[in-house]
Structure formats: structure tokens, C-alpha cells
Amino acid sequence: MPHKASSLNSTRRRSPALRIDIHPQPRLQGLIAALAALAALCAGVACVAHQASLWPCLILLLPASAGFAWRMAKVQACRLQWDGQVWRSSVRLDQDADSPQRVSVVMDMDRWMLLRLQPLPARWWRPDHFVPVSAAQQGAQWGALRATLFSAHQEEPSVNSA
């Protein structure tokens, strides 16, 4: 019996639509702040070992570095939606995502991932945004999210230049 070529070769399969909400993660934020304070402590102790008169700077450096890291590590609540062709995001959880994004996985630790969101079309004044997601936060959608991230073909959205 002759073997017929699969229709999958001529048309690309689309991943089903998916929507996830990303919430703030204060434990992760606290961990990053603690690591920054630890790094500042190590640098401060090294400086004090060379110049003992610098110890008052160490007292100011620790809370300043921890506070800065806490602020910079804050995860803003956002919504990500995959429509079968392109990822879209929204900075509010109560509205549909409308801003097209290129989403890529930067780190994959099985139960936790760091995603990079790149606004489309890419412009130098629109920096990338990094978002941590975890299996604990996404629950039953974790498997679908991983499958979509690793298997879906992202298309560039068409831009009308009128």
C-alpha cells in the first residue's frame, strides 16, 4: 500500500490559544535583595580589610544595596496570551493582552522559568522585560505553557504602514 505524504508538511500546526496571569513574587524579590546585600557585604568587607576607615560606608552600603535590589527585582503583574500566531501582553490583569511580544525562554529550571518579553516591532527605546514564572503559580496551565513556549512557531505580526 503506497504511503501518502502527511498534510503536516504543507501546513504548519498551530498551538492552541493560551492565557496566563503573572502575579508579583515577593519571595523571589526578597531572595534577590538578600543576595545583593550579601554581595555588598562581601565587597564592603574586602574594602574595609584594605582601608579600615571605610567601615561607616559599609553601614550605608548594605541597606542601600538591598533596597535597590528589592525595587529592581519587583515583578509587575501582567497577562500573557498566545493566540496561535503571536504572543501578546498586557500590564493589567483585568484586560485582554494587545501588545505583541516575542517571548523566549532565558532560563529553564523545570519548575521555574525566566522569560524575556521583547516588544514588537523591536525598537531601541523599548527595552526587553524579564518575567519569572513558576509551576506553583501557574498550576494546571504549566504543562500547556511549557509546550507552547518550546513548540509554537512565533510569527511576526503584520504592521500596516499607511
Side-chain angles (χ1 to χ4, degrees), residues 1-42 65-162:
M1 183 163 200
H3 182 273
K4 292 187 176 183
S6 172
S7 63
L8 292 179
N9 292 337
S10 61
T11 60
R12 203 172 269 251
R13 291 182 66 176
R14 302 243 186 253
S15 297
L18 176 70
R19 182 179 84 187
I20 63 166
D21 292 335
I22 298 169
H23 300 280
Q25 299 181 29
R27 284 189 293 170
L28 177 63
Q29 189 177 359
L31 175 65
I32 292 171
L35 288 174
L38 182 61
L41 176 66
C42 292
S65 64
F68 180 73
W70 174 266
R71 184 175 173 148
M72 296 307 294
K74 184 175 183 180
V75 175
Q76 296 291 340
C78 68
R79 172 169 285 170
L80 281 178
Q81 286 180 241
W82 170 253
D83 63 8
Q85 295 179 342
V86 69
W87 284 98
R88 298 182 186 280
S89 71
S90 170
V91 294
R92 295 181 47 180
L93 297 177
D94 60 350
Q95 67 185 28
D96 283 339
D98 57 358
S99 175
Q101 306 280 323
R102 177 178 292 119
V103 177
S104 56
V105 178
V106 177
M107 286 192 325
D108 179 11
M109 300 172 95
D110 192 42
R111 307 292 295 161
W112 183 88
M113 289 188 291
L114 182 64
L115 305 179
R116 177 176 37 215
L117 309 180
Q118 298 169 296
L120 294 175
R123 302 280 192 252
W124 65 270
W125 64 86
R126 294 169 58 186
D128 296 352
H129 184 69
F130 293 88
V131 177
V133 292
S134 67
Q137 187 181 66
Q138 297 305 319
Q141 291 183 314
W142 183 249
L145 173 62
R146 288 183 59 84
T148 303
L149 285 168
F150 289 112
S151 65
H153 174 72
Q154 298 182 55
E155 297 178 3
E156 296 288 328
S158 60
V159 179
N160 296 334
S161 56

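All values derive from a computational prediction rather than experimental measurement.
How far CD1 of I22 is from OG of S134: 9.5 Å, rounded to the nearest 0.5 Å. With values rounded to the nearest 0.5 angstrom, R111 atom CZ is found 13.5 Å from M109 atom CE. Here Q141 contributes atom CD and T148 contributes atom OG1; the two are 9.5 Å apart, rounded to the nearest 0.5 Å. Taken from OG in S104 to CZ in F150, the straight-line distance is 10.0 Å, to the nearest 0.5 Å.
The ring pair (Phe, Tyr, Trp, His ring centres under 6.0 Å) analysis of residues 86-122, with sequence neighbours excluded, yields the pairs W82-W87.
Without hydrogens or angle criteria, R79 side chain to D21 main chain gives no donor-acceptor distance under 3.5 Å. Checked by atom type and distance alone, the side chain of Q118 never pairs as donor or acceptor with a backbone atom of D128 at under 3.5 Å. Looking only at distances, no side-chain donor or acceptor of Q138 sits under 3.5 Å from a matching main-chain atom of L145.
Every residue two or more places apart in sequence or in another chain that forms a side chain to side chain donor-acceptor pair (under 3.5 Å) with Q101 is listed here: S89, S99. Partners of R19 by side chain to side chain donor-acceptor pair (under 3.5 Å), not counting sequence neighbours: none found.
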Worksheet item: Would H23 and L93 count as a side-chain contact (heavy atoms from CB on, under 4.5 Å) if you check the C-alpha gap in whole Å, the side-chain angles of each, and the deciding distance to 0.1 Å?
Response: CA-CA 9 Å; H23 300 280; L93 297 177; 3.4 Å; yes
Worksheet item: D98 and R88: side-chain contact (heavy atoms from CB on, under 4.5 Å), yes or no, with the steps?
Response: CA-CA 6 Å; D98 57 358; R88 298 182 186 280; 5.6 Å; no
Discussion item. As a quick check of understanding, evaluate side-chain contact (heavy atoms from CB on, under 4.5 Å) for V75 and Q29, giving each step before the final call.
Written reply: CA-CA 8 Å; V75 175; Q29 189 177 359; over 6 Å; no
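Other residues, nucleotides and ligands contribute more than 12 heavy atoms inside 6.0 Å of the CZ atom of F130.
Residues Q85 and D83 come closest through the heavy atom pair N-OD1, 2.8 Å. Pairing each heavy atom of A33 with each of A66, the nearest pair is CB-O, 3.6 Å. Between A36 and S65, the shortest heavy-atom contact is O-OG, 3.9 Å.
Checking each of M72, Q76, R71 against K74 for a side chain to side chain contact (heavy atoms under 4.5 Å, CB included) leaves exactly one that passes, namely Q76.
A heavy-atom distance below 4.5 Å is found between the side chains of L149 and L115. Here the side chains of R146 and V105 are not in contact, with every heavy-atom distance at 4.5 Å or above.
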